[in-house]
Asker: 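Take this structure first; my questions come after.
Lettering follows sequence order; numbering is per chain, from 1.
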Protein chains: 2
Amino acid sequence: MGLSALTDRQQALLDHLASFVAKQGYAPSLQEIAHAFGFSSLQGVKDHLKALERKGYVRRRPGQRRAITLMGPPRPFANGIPILGRVPAGTPQLALEQYDERLTLDTATLGPGRHFALQVKGDSMIHAGIHDGDYVIVRQQDTAEPGAIVVALLGEDATVKYLRRRGRQVRLEAANPAYRPIPLHGHVPAPKILGRVVGLYRAFR
Amino acid sequence: MGLSALTDRQQALLDHLASFVAKQGYAPSLQEIAHAFGFSSLQGVKDHLKALERKGYVRRRPGQRRAITLMGPPRPFANGIPILGRVPAGTPQLALEQYDERLTLDTATLGPGRHFALQVKGDSMIHAGIHDGDYVIVRQQDTAEPGAIVVALLGEDATVKYLRRRGRQVRLEAANPAYRPIPLHGHVPAPKILGRVVGLYRAFR
DNA sequence: TGACTTACTGTATATAAATACAGTACCCTC
DNA sequence: GAGGGTACTGTATTTATATACAGTAAGTCA
């Protein structure tokens, strides 16, 4: 089963919604919909939207203006990919209703600040689940709390390390014990923190 | 070149706009933008939007709620984050010229096909560097070559496993040897392949 | 016949959100 | 060292818009 059937008017309203969003980049207000259909009242629009929401074609945020999200197949995953919530047993195809959130790599997901990505070389952080070839997503900052995974510049090389406090010394440590820890101060060349690792991406070939 | 250059903050705001619209299907309100960036006032948002409008990146309808239209050619890397190539020695701040590529999670990066993401539960794939809480990005398909990491439906649970061939038997194997392999055929309940794992994302708190 | 759904009109109220004005701070550059 | 642009905070006001309640009318199902 997919989505339940729509009446002619509900379909017309859904079509109008889709074309409005495609054209303007934002959803119409209730009065704009009413005007487009020649309604003199808003209640008709509300009723139709309520039906569309009940049948799973749109989702609304109560009280918010123009907060209508179109659901359903014709929405490409242009930006971000849907996160599958529960997996219904024996479902032949994955129902759209299951998608609630979306996974993206942008400032909205990552929070404020400048970000960059860096491809990891070597296996010094393999015990932290960071493998050779992985991309770490880094929020640019020049300090970090102990315990954080940071990207530090050591001479000419950018390295991914834990920032750890040992007594009164703060140092960079690899997750792999085969690598020597590096004190943050009093080391030549002086390490410089480029940012904190906030995400990781790996592509499987 | 057509559109004039943007400041970092203006670019960040434009990226946020693009991803919000892509995710929600409608534009954000000024307060939502302010909240996303941690502003306590709306004037900053207004100023930035004004700059973006003056430079031709967006168009607004005065007085209307959420009436922000993104202009210009659809920028494919609107939501990506830059990948830092070489790290120049001793550079005080990271120069923009160093960024050559961008990391995105969209169909352009992932290739053709439908994709979804799934949050991994448990440590059955920890030896493959897939940890509890990681998101795997899955290309939807119902078969896969042996050697691939797949997401399979086992009864009501979606599990991440290697697809391996042993002799003439094809079976699902965990990377963690503590878990039993499951033959693809002749097992109850019958495993069903949902797709192949093509990527992995992890967020660090 | 009556209950139920769809498809609206009409009026009133509440509020989310845009606008406006005043001010601070930090660059630039001329 | 004055002037302009960027990047905000803080408070107040207005309004576009969502919501609520009370109806009417036609079709359909049982």
Side-chain angles (χ1 to χ4, degrees), chain A residues 3-17 20-21 24-70 107 111-114 140-142, chain B residues 3-17 20-21 24-70 92-93 95-96:
Chain A
L3 302 165
S4 45
L6 295 177
T7 67
D8 288 351
R9 292 305 267 169
Q10 287 164 5
Q11 185 65 54
L13 205 131
L14 187 61
D15 290 347
H16 175 70
L17 273 176
F20 190 103
V21 171
Q24 300 293 334
Y26 52 86
S29 66
L30 297 201
Q31 10 272 84
E32 281 169 343
I33 300 171
H35 185 258
F37 281 86
F39 296 175
S40 62
S41 172
L42 298 175
Q43 197 55 48
V45 181
K46 275 219 82 175
D47 289 349
H48 285 318
L49 283 177
K50 200 175 154 192
L52 287 174
E53 197 170 14
R54 177 169 43 82
K55 293 178 180 178
Y57 288 85
V58 304
R59 199 170 30 173
R60 302 190 67 203
R61 280 164 62 194
Q64 311 291 87
R65 278 86 177 133
R66 298 181 195 274
I68 306 170
T69 303
L70 292 170
T107 45
R114 279 172 66 101
Q140 213 171 313
Q141 54 190 59
D142 49 15
Chain B
L3 301 167
S4 45
L6 295 177
T7 67
D8 288 350
R9 292 306 269 167
Q10 287 164 6
Q11 184 67 51
L13 205 131
L14 188 61
D15 289 349
H16 175 71
L17 273 176
F20 191 103
V21 171
Q24 301 294 335
Y26 52 86
S29 66
L30 298 200
Q31 11 273 86
E32 280 168 344
I33 299 171
H35 185 258
F37 281 86
F39 296 175
S40 62
S41 172
L42 298 175
Q43 196 56 48
V45 181
K46 276 216 82 175
D47 289 350
H48 283 132
L49 282 178
K50 201 175 154 192
L52 288 175
E53 197 170 13
R54 177 168 45 80
K55 293 178 180 178
Y57 288 85
V58 304
R59 197 173 33 175
R60 302 190 66 203
R61 280 164 63 195
Q64 309 293 87
R65 278 86 178 130
R66 298 181 194 274
I68 306 169
T69 304
L70 294 170
Q93 65 252 32
L96 268 159

Asker: What is the distance, to the nearest angstrom, from the NZ atom on B:K46 to the P atom on C:dC21?
Answerer: 10 Å

Asker: How many whole angstroms separate atom CD of B:E53 from atom P of C:dT19?
Answerer: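 Answer to the nearest Å: 9 Å.
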
Asker: Just to confirm, is there a sub-4.0 Å distance from OP1 or OP2 of C:dT6 to any side-chain nitrogen or oxygen of A:R9?
Answerer: no

Asker: Any side-chain N or O of B:Q64 less than 4.0 Å from the OP1 or OP2 oxygen of C:dA17?
Answerer: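 False: B:Q64 side-chain N/O out of range (4.0 Å or more) of C:dA17 OP1/OP2.
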
Asker: Rounded to whole angstrom units, what separation is found between the CG atom of A:L42 and the P atom of D:dA20?
Answerer: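 My rounded result for the distance is 13 Å.
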
Asker: Could you check how far CZ of B:F39 sits from C1' of D:dT9, rounded to whole Å?
Answerer: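 In whole Å, D:dT9 C1' lies 11 Å from B:F39 CZ.
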
Asker: Are B:R61 and A:E32 ion-paired here, with the side-chain N under 4.0 Å from a carboxylate O?
Answerer: yes

Asker: Return the nearest nucleotide to the side chain of B:R65; candidates are C:dG10, D:dT17, D:dT9.
Answerer: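 The answer is D:dT17, which lies nearest to the side chain.
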
Asker: Using only side-chain N and O atoms of B:S40, determine if any of them is under 4.0 Å from OP1 or OP2 of D:dT9.
Answerer: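 Affirmative; the distance criterion is met.
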
Asker: Give a yes/no answer on whether the side chain of B:H48 brings an N or O atom under 4.0 Å of OP1 or OP2 in D:dA7.
Answerer: yes

Asker: OP1, OP2 of C:dA7 versus side-chain N and O of A:Q10: anything below 4.0 Å?
Answerer: yes

Asker: Nearest-Å distance, CD1 (B:I33) to P (D:dC8)?
Answerer: 13 Å

Asker: Among D:dT6, C:dT19, D:dT17, which nucleotide sits nearest the side chain of B:P62?
Answerer: C:dT19

Asker: Quickly work out the A:D47 CG to C:dA7 P distance and round it to whole Å.
Answerer: 9 Å

Asker: Looking only at atom types and distance, does a side-chain atom of A:R66 sit under 3.5 Å from a main-chain N or O of B:R65, one as donor and one as acceptor?
Answerer: yes

Asker: Look at the aromatic rings of B:F37 and B:H16 and report parallel, tilted or perpendicular, splitting at 30° and 60°.
Answerer: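 Ring orientation, 0 to 90° scale: perpendicular.
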
Asker: Send over the distance from A:Q43 CD to D:dT19 P, rounded to a whole Å.
Answerer: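 From A:Q43 CD to D:dT19 P: 10 Å.
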
Asker: To the nearest angstrom, how far is B:R61 atom CZ from D:dT17 atom C1'?
Answerer: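 My rounded result for the distance is 12 Å.
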
Asker: OP1 or OP2 of D:dA18 versus the side-chain N and O atoms of A:Q31: is any pair under 4.0 Å?
Answerer: yes

Asker: Which residue, B:D8, B:L49, B:L6, forms the side-chain contact (heavy atoms from CB on, under 4.5 Å) with B:L13?
Answerer: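 Answer to the side-chain contact (heavy atoms from CB on, under 4.5 Å) test with B:L13 among B:D8, B:L49, B:L6: B:L49.
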
Asker: Are A:R60 and D:dT19 close enough that a side-chain N or O sits under 4.0 Å from OP1 or OP2?
Answerer: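 So the side-chain polar atoms of A:R60 do come within 4.0 Å of the phosphate oxygens OP1 or OP2 of D:dT19, strictly under.
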
Asker: The side chain of B:S41 lies closest to which of these nucleotides: D:dA7, D:dG10, C:dA7?
Answerer: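 It is D:dG10.
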
Asker: Below 30° counts as parallel, above 60° as perpendicular, anything between as tilted: where do the rings of A:F20 and A:Y26 land?
Answerer: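 If you compare the ring of A:F20 with that of A:Y26, the planes turn out perpendicular.
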
